[in-house]
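Every chain is numbered from 1, with letters handed out A, B, ... down the list of sequences. Side-chain atoms are counted along with the backbone in the values below, which use heavy atoms only and exclude waters and symmetry mates.
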Protein chains: 2
Amino acid sequence: MSEKIKILIVEDEALIAKDIEFSLRQLDYHIVGIAFDGMTALDMIHSRLPDLVLLDIELNGDISGIDIAIVLNEKYSIPFIYLTSYADPCTIDMVKKTLPFGYILKPFSERELYGAIELAVYRLDEKKKTGFPAKEKIDDLCDTPLTDREYELLTGLFEGKSNQELAKDYFISVNTIKTHLKNIYSKMEVSNRHKALSKIFGLMKQ
Amino acid sequence: MSEKIKILIVEDEALIAKDIEFSLRQLDYHIVGIAFDGMTALDMIHSRLPDLVLLDIELNGDISGIDIAIVLNEKYSIPFIYLTSYADPCTIDMVKKTLPFGYILKPFSERELYGAIELAVYRLDEKKKTGFPAKEKIDDLCDTPLTDREYELLTGLFEGKSNQELAKDYFISVNTIKTHLKNIYSKMEVSNRHKALSKIFGLMKQ
DNA sequence: AAGACTTTCACACTTTGGGGTGATATTTGA
DNA sequence: TCAAATATCACCCCAAAGTGTGAAAGTCTT
């Protein structure tokens, strides 16, 4: 579970890259690679699937950090932190559209780097949770709280199961399922399963 | 729409606070207040409802920045950026649990501040969106892409609307709705609305 | 032991959803 | 301009979901 975080460093200035690598090894992260240009970076992302990428924006060659960011978002959903020397409005405007998990201005200290990485890792964990809301959250959208059984069945409903499937999976008759759902709908003040589910989606999106 | 971002500064060192205020006014943000201690901060949050809070962790008095962060999360869902001089593992551990939108180490430059704020503001906007995936994302889960109309109806379906409601809202007959849905299901390779919605929801959780 | 709540079930009835088929305008692109 | 794609609609049929009513058995509290 608590395996080392796999980090890829994308930075064209070798001195800075080595410096970061040294710091991070001290801090017990696992450095899966250092890419000095965009193409190498894309290769390494593909082959080594890091948990987090430290991404210099200004790279030599025709692939910029922003390009890599887009790939990380669209194709891999791997979070990244920008490293850059510039903070002019124009750059920031480009940068923020790619929703990085963090943004560090050079020159930075080891503690800044550590703070940003830990924050990103935590965010990543948050994101991974499946997230069916706790009973209390569901109860908040009901006029009267659900019973434990009702909550249990609701999780099944959320999986997309039909009444028959629910009956089979919970070892009760379809009629009983109908009764329970009837009561759930009434408590949630909705008229059918789809509205119940949208209401739950609403909770989860926040 | 593009109103000024309302920012509250919570910082017990008056000199630093004034400094930040000056910078931010230059940068065309609206400073709704400066709180030098926790109690004042909570009052101001309640009465002035800022869009973003800059939050010093180490405050005089018995309310810390972390306490305020918790209130901001639980009660107001107002994002905040920490300002702090410390980045020791222990502090960071506490800090990251409160999921700030950013984290700046003192002393910081104006551009660092600006970068962090802009990032936070962008994240906030993202959060506010309904979050229904873009057409391209939906098309990725289809064997053939949806038409614009089909995508439009799908968003309605996602709201939990029944066929009748869809018909009414889109000014077409229930039969037409059925035809469209039939085609959508076939393109998405699902057998009913449940499965379509779960598939979309799968997208959103990533 | 009495009452309240929960869980289970049945049956009859109505409404809704999904599949199949076919058809007619309208729009669009080559 | 002509074919393809799109948007609209109407049937029919069956399966699934939802509603109303009633009721038995179990648990928990007081």
Side-chain angles (χ1 to χ4, degrees), chain A residues 132 134-202, chain B residues 132 134-202:
Chain A
F132 188 81
K135 185 164 176 308
E136 295 72 40
K137 292 272 180 189
I138 301 280
D139 284 344
D140 280 352
L141 3 122
C142 299
D143 57 353
T144 50
L146 301 183
T147 68
D148 291 345
R149 186 60 159 172
E150 285 163 354
Y151 176 72
E152 200 182 356
L153 294 175
L154 189 57
T155 63
L157 193 71
F158 187 79
E159 314 276 323
K161 289 175 180 164
S162 67
N163 291 2
Q164 263 88 354
E165 288 171 316
L166 291 171
K168 193 149 65 79
D169 293 356
Y170 292 94
F171 308 104
I172 52 183
S173 88
V174 176
N175 285 312
T176 306
I177 293 291
K178 284 185 176 189
T179 304
H180 282 306
L181 292 184
K182 215 186 308 181
N183 296 331
I184 292 172
Y185 299 155
S186 136
K187 287 181 179 180
M188 290 182 71
E189 297 172 290
V190 294
S191 54
N192 58 45
R193 61 219 288 132
H194 309 300
K195 296 222 161 58
L197 296 184
S198 323
K199 224 167 167 176
I200 293 173
F201 287 153
Chain B
F132 190 82
K135 184 166 177 306
E136 294 72 42
K137 292 270 180 189
I138 301 281
D139 284 345
D140 281 351
L141 8 119
C142 298
D143 57 353
T144 50
L146 301 183
T147 68
D148 290 345
R149 185 60 159 172
E150 285 164 352
Y151 176 72
E152 199 182 358
L153 294 175
L154 191 55
T155 64
L157 193 72
F158 189 77
E159 314 275 322
K161 288 174 180 164
S162 68
N163 292 2
Q164 260 92 351
E165 287 170 316
L166 290 172
K168 192 148 68 80
D169 293 356
Y170 292 94
F171 307 105
I172 51 183
S173 89
V174 176
N175 285 313
T176 307
I177 294 290
K178 283 188 176 190
T179 304
H180 282 307
L181 292 184
K182 220 182 307 181
N183 295 332
I184 292 171
Y185 298 155
S186 137
K187 287 181 179 180
M188 291 182 69
E189 296 172 292
V190 295
S191 54
N192 58 43
R193 61 223 280 138
H194 277 308
K195 303 230 157 71
L197 296 185
S198 322
K199 218 165 171 179
I200 291 172
F201 199 70

Looking at every strand, decide which applies to [X] at a 4.0 Å heavy-atom threshold: base, sugar-phosphate, or nothing.
X        : result
B:Thr179 : base
A:Ser162 : sugar-phosphate
A:Thr147 : sugar-phosphate
B:Gln164 : sugar-phosphate
B:Asn163 : sugar-phosphate

Nearest-Å distance for atom pair [atom1]/[atom2], residues [X] and [N]:
X        : N      : atom1 : atom2 : answer
B:Asn192 : D:dG18 : CG    : P     : 12 Å
B:Arg149 : D:dT8  : CZ    : C1'   : 9 Å
A:Phe171 : C:dT7  : CZ    : P     : 17 Å
B:Arg193 : C:dG17 : CZ    : P     : 5 Å
A:Leu166 : D:dA17 : CG    : C1'   : 12 Å
A:Lys178 : D:dA17 : NZ    : P     : 8 Å

B:Ser186 backbone acceptor or donor facing B:Asn183 side chain under 3.5 Å: no
Any donor-acceptor N/O pair, B:Lys199 side chain to B:Val190 backbone, under 3.5 Å: no
Spacing of NZ belonging to A:Lys178 relative to CG belonging to A:Leu181, to within rounding of 0.5 Å: 10.0 Å
From D:dA10, C:dC9, D:dG18, nucleotide with atom closest to A:Ser173 side chain: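 Of all the options, the side chain of A:Ser173 is nearest to C:dC9.
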